[in-house]
Amino acid sequence: MIRPAVPGDAPRTVPLILQAIGSIAFVLTGTNDREDADRILDGFFRRKDSRVSYQNTLVMEDVKNVVERSREVVGVALIYDGSIARALDGPLEKAAVQTSGLSDYRIPTEAEPSEFYLDTISVDPKCQGRGFGRDLIEASCEQARRLGRDRIGLLVDIGNSGAKRLYERLEFRTQGRKQIAGYEYFHMVRDLAASRL
């Protein structure tokens with residue numbers, strides 16, 4: 001089951017986000033300390049005004065215990081409108097200035113204004129290979145369509161050929177390359193008006 005996140009999902013979703021973004025967590029938080037980055041992102045997940053907010057997050061739950069009807073968060077998609085990406089980075093950037101002590105600290109903008117942006121997809125390693133990533137990607141595309149967007153974009157590390165092939169199977173096409181925080185990525189886009197899997 002895929003549903004919108006709520007603030008209380010933070011303990012189960014933030015570790016999945018961190019798993020996917022790796023060192024980008026340090027760029028978003030202005031610290032090189034993993035525990036500090038985790039704490040800062042947890043706080044921003046619970047707020048409404050940042051790129052890592054619960055309001056920009058879909059979670060996937062898997063039935064853990066059928067008898068008790070308990071569910072476990074096994075995947076997460078972080079998505080938002082690229083036209084407001086700078087505004088969503090503002091609160092994170094302001095906090096990173098304080099954390100880092102650098103008055104000119106700037107978080108690089110990943111999203112293009114013309115696209116709905118798929119920032120992060122992450123599935124618990126013990127649940128990978130079950131199609132959950134694909135389901136989260138399709139749910140993200142559907143969310144973009146519902147909000148009237150006809151294009152969704154993402155970045156994939158140029159060294160991650162497996163992820164790039166998955167996105168290509170899901171109708172994403174490479175639109176170029178981007179450098180973010182010293183790393184190079186393919187910028188991939190899917191035309192939502194034309195695609196229906």
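- Within the structure, the ring-ring contact (aromatic ring centres under 6.0 Å, His included) test picks out the following pairs touching residues 113-154 (sequence neighbours left out): Tyr80-Tyr117.
- For CD of Glu35, the number of neighbouring non-hydrogen atoms (other residues, nucleotides, ligands) closer than 6.0 Å is 12 at most.
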side-chain contact (heavy atoms from CB on, under 4.5 Å) evaluation trace for Val59 with Ile2: CA-CA 6 Å; Val59 295; Ile2 297 174; over 6 Å; no
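- Annotation: side chain of Val156 is not in contact with side chain of Tyr185 (no heavy-atom distance under 4.5 Å).
- Partners of Asp89 under the side-chain hydrogen bond (donor to acceptor under 3.5 Å, both in side chains) rule, at least two apart in sequence or in another chain, are Arg51.
- Every residue was checked against the side-chain hydrogen bond (donor to acceptor under 3.5 Å, both in side chains) condition with Lys94, not counting sequence neighbours, and none meets it.
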side-chain contact (heavy atoms from CB on, under 4.5 Å) assessment of Thr57 paired with Asp9: CA-CA 10 Å; Thr57 307; Asp9 288 323; over 6 Å; no
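- In this structure, Asp33 has no salt bridge (charged side-chain N to carboxylate O under 4.0 Å, His left out) partners at least two apart in sequence or on a different chain.
- Of all heavy-atom pairs between Val97 and Ser103, the closest is CG1-CA, 4.0 Å.
- The closest donor-acceptor contact from the side chain of Thr29 to the backbone of Ile40 lies at 3.5 Å or more, if one exists at all.
- Between Ser140 and Ala77, the shortest heavy-atom distance links the atoms OG-CB, 3.5 Å.
- For Cys127 against Val74, the heavy-atom pair with the smallest separation is SG-CG1, 3.6 Å.
- Salt-bridge formation is detected for the pair Arg3/Glu61: a Lys NZ or Arg NE/NH1/NH2 atom is positioned less than 4.0 Å from an Asp or Glu carboxylate oxygen.
- When the salt bridge (charged side-chain N to carboxylate O under 4.0 Å, His left out) test is applied to Asp36, the partners found at least two apart in sequence or on another chain are Arg39.
- Qualifying side-chain hydrogen bond (donor to acceptor under 3.5 Å, both in side chains) partners for Asn32, counting only residues two or more places apart in sequence or in other chains: none.
- Arg130 pairs by the salt bridge (charged side-chain N to carboxylate O under 4.0 Å, His left out) definition with Asp62, not counting sequence neighbours.
- Leu92 CG to Leu28 CG: the interatomic distance, rounded to the nearest 0.5 Å, is 6.0 Å.
- Listed by chain and number, the residues in a salt bridge (charged side-chain N to carboxylate O under 4.0 Å, His left out) with Arg177 are Glu184 (sequence neighbours excluded).
- In this structure, the side chain of Ser100 engages the main chain of Leu102 through a donor-acceptor pair within 3.5 Å.
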Test log, rule side-chain contact (heavy atoms from CB on, under 4.5 Å), inputs Phe186 and Lys178: CA-CA 6 Å; Phe186 289 114; Lys178 283 191 174 190; over 6 Å; no
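- Between Val76 and Leu136 the shortest side-chain heavy-atom distance does not fall below 4.5 Å.
- Once rounded to the nearest 0.5 Å, the distance linking CZ of Arg149 with SG of Cys141 reads 13.0 Å.
- Counting heavy atoms from C-beta on, the side chains of Val27 and Pro108 come closer than 4.5 Å.
- A salt bridge links Asp42 to Arg46: at least one charged side-chain nitrogen sits closer than 4.0 Å to a carboxylate oxygen.
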Validation: residues 159-166 side-chain donor-acceptor distances under 3.5 Å, sequence neighbours left out:
| unit_1 | atom_1 | unit_2 | atom_2 | d |
| --- | --- | --- | --- | --- |
| Asn160 | OD1 | Ala163 | N | 3.1 |
| Lys164 | NZ | Glu168 | OE2 | 2.7 |

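- Annotation: side chain of Met188 is not in contact with side chain of Leu155 (no heavy-atom distance under 4.5 Å).
- Pairs passing the ring-ring contact (aromatic ring centres under 6.0 Å, His included) check and including a residue from residues 14-46, sequence neighbours excluded, do not occur.
- Within the 4.5 Å cutoff, the side chain of Arg86 has heavy atoms near those of the Glu93 side chain.
- Partners of Ser122 according to the side-chain hydrogen bond (donor to acceptor under 3.5 Å, both in side chains) rule, which considers only residues two or more places apart in sequence or in another chain, are Gln19.
- Taking 4.5 Å as the limit, every side-chain heavy atom of Leu192 sits out of range of all side-chain heavy atoms of Arg151.
- The shortest side-chain heavy-atom distance between Val52 and Leu78 falls under the 4.5 Å cut-off.
- At least one side-chain heavy atom of His187 sits under 4.5 Å from a side-chain heavy atom of Glu115.
- Among pairs with a residue in residues 157-183, those fulfilling ring-ring contact (aromatic ring centres under 6.0 Å, His included) read Tyr167-Phe172, at least two apart in sequence or across chains.
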